[in-house]
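Notes to accompany the following structure.
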Amino acid sequence: MSSITRRDFVRGTAMGALGAVLGLGSQRPAWGQDPASQVVLVRRAGVLEADDPAAAVREMLDQACAALARSEDAAAYWSANFAEDDRVGLKANVMMNHARPEILTAIHDSLTEYVGVADDHVAAWDRASGGVGREALAAGEGGWGRGELFGHTEGSISRVAAEWATGLINVPSLKCHWLSGVAIGLKNWCGAVTNISVQDGPGTAFQFHGDACADIGMFEALPELGGKSRLVVVDALEPYYELGPQTDPEFFHPYGALIVGEDPVAVDLVGTSVLQGIRDQVAGEPWPINPPPKHVTVADTKYGLGTSDPAHIELLTLGDDPEVL
Amino acid sequence: MLLAALLVGALAVARPGDGAPDTEAAALEEVPESMKGLEGDFVVEDAARIYLRSTLSDFINGGAARYLGYTFRWVAVWDARSEDRDVDATIELYCFTDPTDALGIYLSGAGGQGEELPFERSQVRRGLLKAQKGPYFIRALVRSRGAEADQAARALGKELGEALPEADTPLPPVLQALPADDRRPDSLRYFHTKEALDAEYYLGDENLLLLGKDTRCGLAKYEPGEEGERPGKLVVVVYPDRERAAEAAERFAEDYLAADGPEPGGTAVAEIEDGGIACITLHEELAAVTLCLDFADSERASELAGSALTALEKEMAE
């Protein structure tokens with residue numbers, strides 16, 4: 001890759017529309033002029049304070065999936081994309097801000113109720129810990145355990161993904177990240193492999209930390225991970241908009257949304273746009289995400305995993321005003 | 001020449017990794033005895049979990065890179081509980097070879113003198129205590145909500161601060177040099193590497209400023225002259241030698257500003273496509289540069305850069 005500077009983002013000559021999404025240039029992203037992928041953003045402000053947050057989240061997921069299926073009925077989406085005998089792995093996230101149990105159970109219930117997938121054919125995990133069935137998913141990571149299913153193959157990939165699951169759903173949380181700019185769906189697969197190190201030393205199975213993790217799309221490109229993934233459901237209920245690397249309760253924003261789509265690159269681009277909007281809104285002035293999350297564009301241009309061009313993304317916004325978009 | 005000699009002497013300090021313990025047992029020996037077993041409001045019962053430079057990413061994943069860019073030695077982690085308050089907490093005690101690096105980590109996410117707690121600097125927000133005292137950076141999270149969480153975090157902070165030895169860690173010269181007028185509160189940053197600068201202000205893929213673990217960087221933001229303008233950023237970088245400073249100034253000028261490299265004491269400047277002014281100034285004698293970014297006018301940028309270099313001369317001479 002040739003050398004890129006901030007000025008290239010400002011001019012709009014580097015990384016496609018990423019500079020516009022980050023507000024670095026004078027142009028702003030124009031969504032959906034020639035759509036090839038759909039991303040749904042469903043927002044319900046105050047969902048975390050609802051009397052029954054789990055029920056509210058389930059309704060939001062239903063809305064999003066119905067929209068993806070161009071149907072009034074969420075069941076149409078699920079039955080078209082999953083089968084009764086599927087074993088479905090939910091790649092959750094336990095680092096920085098956790099994907100909430102309410103989202104995991106909403107996905108579980110959609111699979112079991114709309115498709116007929118067996119309770120013990122739905123598992124959630126991150127790194128070397130996980131749980132099988134609704135009870136474990138509802139308990140969150142505190143109720144998970146280790147064990148052979150959540151170990152890793154000789155190729156350093158989570159066994160639950162590589163050997164057990166017939167289909168995967170990527171369930172990241174929405175956050176900024178010190179090293180990669182943002183950490184959403186593409187980066188969430190880092191917890192589905194082992195033998196990695198931030199120092200990318202000799203002998204590590206996957207080396208991706210250089211150049212702001214630009215090559216992180218390598219995980220989505222793996223047949224055992226992205227190859228089995230059918231849907232991305234981003235927990236944007238309370239995004240983390242500062243860079244970390246460790247969380248500070250001050251920097252969670254009660255946004256109250258889910259971002260749902262089948263194109264992992266498009267979902268990450270929309271998530272990046274939401275995070276950028278939250279940062280600008282909170283700061284009261286432009287507060288670009290640093291470093292630019294180049295991995296989102298590289299996942300498109302190098303790995304061909306989806307589209308990072310807003311013009312090719314139909315952004316369907318449902319529920320309350322998305323505000324920061 | 002005297003200034004240059006002083007500067008070289010001042011930089012003969014530990015680099016990241018130098019002499020850091022390579023076993024958990026060795027690190028545990030460095031944990032202050034007074035920290036091993038709090039017995040006040042909060043009680044720690046189990047032994048500390050220790051993470052070294054080589055294992056820190058097991059604890060905080062990619063976040064480890066930020067600490068490894070400083071002279072991080074180890075972190076000790078405890079679970080603590082206050083029965084009276086009925087709350088649990090996690091305590092992380094990070095140790096650095098260079099106390100200034102503990103300050104650098106503190107400044108990256110907290111600000112000001114903050115709380116009246118027995119640290120050099122401390123802050124409590126939503127149950128999270130961040131504090132610095134000598135070579136130690138503390139991060140302690142009380143798992144509770146509301147005002148009770150902050151009260152508990154302050155109580156825990158009092159215990160922890162009293163358990164650590166007294167210390168005095170002045171701001172390093174690259175921070176002292178940053179003019180105080182119009183400087184945004186809590187915008188001071190101190191770091192060494194390109195990755196750390198990227199997290200504050202991304203300049204490009206390449207390491208245009210030739211930053212590394214042996215460079216010292218101070219950054220601050222300045223209030224814009226008019227509403228709607230972006231805050232200006234002023235960066236001071238001190239290098240281990242004069243040649244590298246000159247090379248960095250030339251490289252940044254040519255590759256970013258599309259201008260000729262500055263002569264000693266000179267400035268290269270350019271108007272960026274977003275309307276902001278960027279410039280780099282090479283000190284006449286010191287191995288140091290200043291960088292101005294996002295300023296609305298070049299006069300103000302060069303004024304601040306000049307003030308910073310003058311102050312740096314004074315700080316280094318002292």
Side-chain angles (χ1 to χ4, degrees), chain A residues 1-14 19 22-26 94-96 127 176-181 183 187 190-191 196-201 208-214 216 242-252 283-292 294, chain B residues 53-69 92 105 108-110 123 125-128 130 139 141-143 145 149-150 194-208 224 227-231 252 255-258 270 272-276 278 293-294:
Chain A
M1 194 180 303
S2 60
S3 175
I4 293 171
T5 72
R6 184 187 195 90
R7 292 183 76 172
D8 296 315
F9 285 100
V10 172
R11 296 184 193 110
T13 57
L22 302 179
L24 288 174
S26 57
V94 301
M95 299 299 290
M96 290 183 70
R127 296 160 73 108
C176 289
H177 192 278
W178 180 76
L179 210 52
S180 55
K187 194 172 189 306
C190 291
I196 57 176
S197 162
V198 73
Q199 292 164 308
D200 284 342
F208 60 93
H209 288 96
D211 194 16
C213 304
I216 216 161
E242 216 262 351
L243 293 172
Q246 292 149 295
T247 55
D248 180 331
E250 181 80 6
F251 301 117
F252 288 97
E285 63 189 19
W287 186 19
I289 294 169
N290 287 314
K294 289 184 280 188
Chain B
R53 289 186 68 86
S54 57
T55 57
L56 185 60
S57 60
D58 294 342
F59 179 48
I60 52 174
N61 263 10
R66 168 157 267 178
Y67 289 87
L68 298 179
E92 302 164 17
I105 283 286
S108 68
Q123 179 185 70
R125 246 177 0 197
R126 301 194 187 198
L128 178 65
K130 293 178 181 176
R139 190 174 179 279
L141 180 64
V142 172
R143 285 185 287 280
R145 284 187 176 267
D150 284 357
K194 175 188 184 295
E195 289 75 18
L197 175 62
D198 281 349
E200 298 295 336
Y201 195 95
Y202 171 82
L203 287 172
D205 290 354
E206 301 289 330
N207 186 5
L208 299 176
E227 195 173 332
E229 293 177 356
R230 289 163 293 166
F252 181 80
D255 291 358
Y256 193 81
L257 303 178
I272 306 303
E273 289 77 1
D274 58 8
L293 301 158
D294 288 344

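Scope of the values below: all heavy atoms of this structure, side chains included, with no hydrogens, waters or symmetry mates.
A/N290 is not listed as a side-chain neighbour of A/W178, based on a closest heavy-atom distance of 4.5 Å or more.
Heavy-atom distances place the side chain of B/L141, and not its backbone, under 4.5 Å from chain A. Residue A/S180 does not touch chain B at all, counting heavy-atom pairs closer than 4.5 Å. Contacts between B/I60 and chain A at a heavy-atom distance below 4.5 Å involve backbone atoms as well as side-chain atoms. Only the side chain of B/Y67 has a heavy atom closer than 4.5 Å to any heavy atom of chain A.
Interface summary for chain B: among A/L24, A/I289, A/T5, A/L243, the most heavy-atom pairs under 4.5 angstrom belong to A/T5. Of all the listed residues (B/R139, B/K194, B/E229), the one sharing the greatest number of non-hydrogen pairs under 4.5 Å with chain A is B/R139. For the set B/G204, B/A199, B/P224, the count of heavy-atom pairs under 4.5 angstrom toward chain A peaks at B/A199. In terms of non-hydrogen atom pairs under 4.5 Å with chain B, the most contact-rich of A/C190, A/P292, A/P286 is A/P292. Each of B/L56, B/D274, B/N61, B/D58 has some count of heavy-atom pairs under 4.5 Å with chain A, and the biggest count is that of B/N61.
Shown here are the side-chain contact (heavy atoms from CB on, under 4.5 Å) partners of A/T13, two or more places apart in sequence or in another chain: A/D8, A/R11. With sequence neighbours excluded, the residues forming a side-chain hydrogen bond (donor to acceptor under 3.5 Å, both in side chains) with A/E285 are B/R184, listed by chain and number.
At least one donor-acceptor pair under 3.5 Å links the side chain of B/D150 to the backbone N or O of B/G127. Panel note: side chain B/R53, backbone B/L68; a donor-acceptor pair is recorded below 3.5 Å. B/R125 contributes no side-chain N or O that, together with a main-chain N or O of A/D248, makes up a donor-acceptor pair within less than 3.5 Å.
B/Y256 does not carry A/R6 over the face of its six-membered ring by the limits of under 6.0 Å from the centre and within 45° of the normal.
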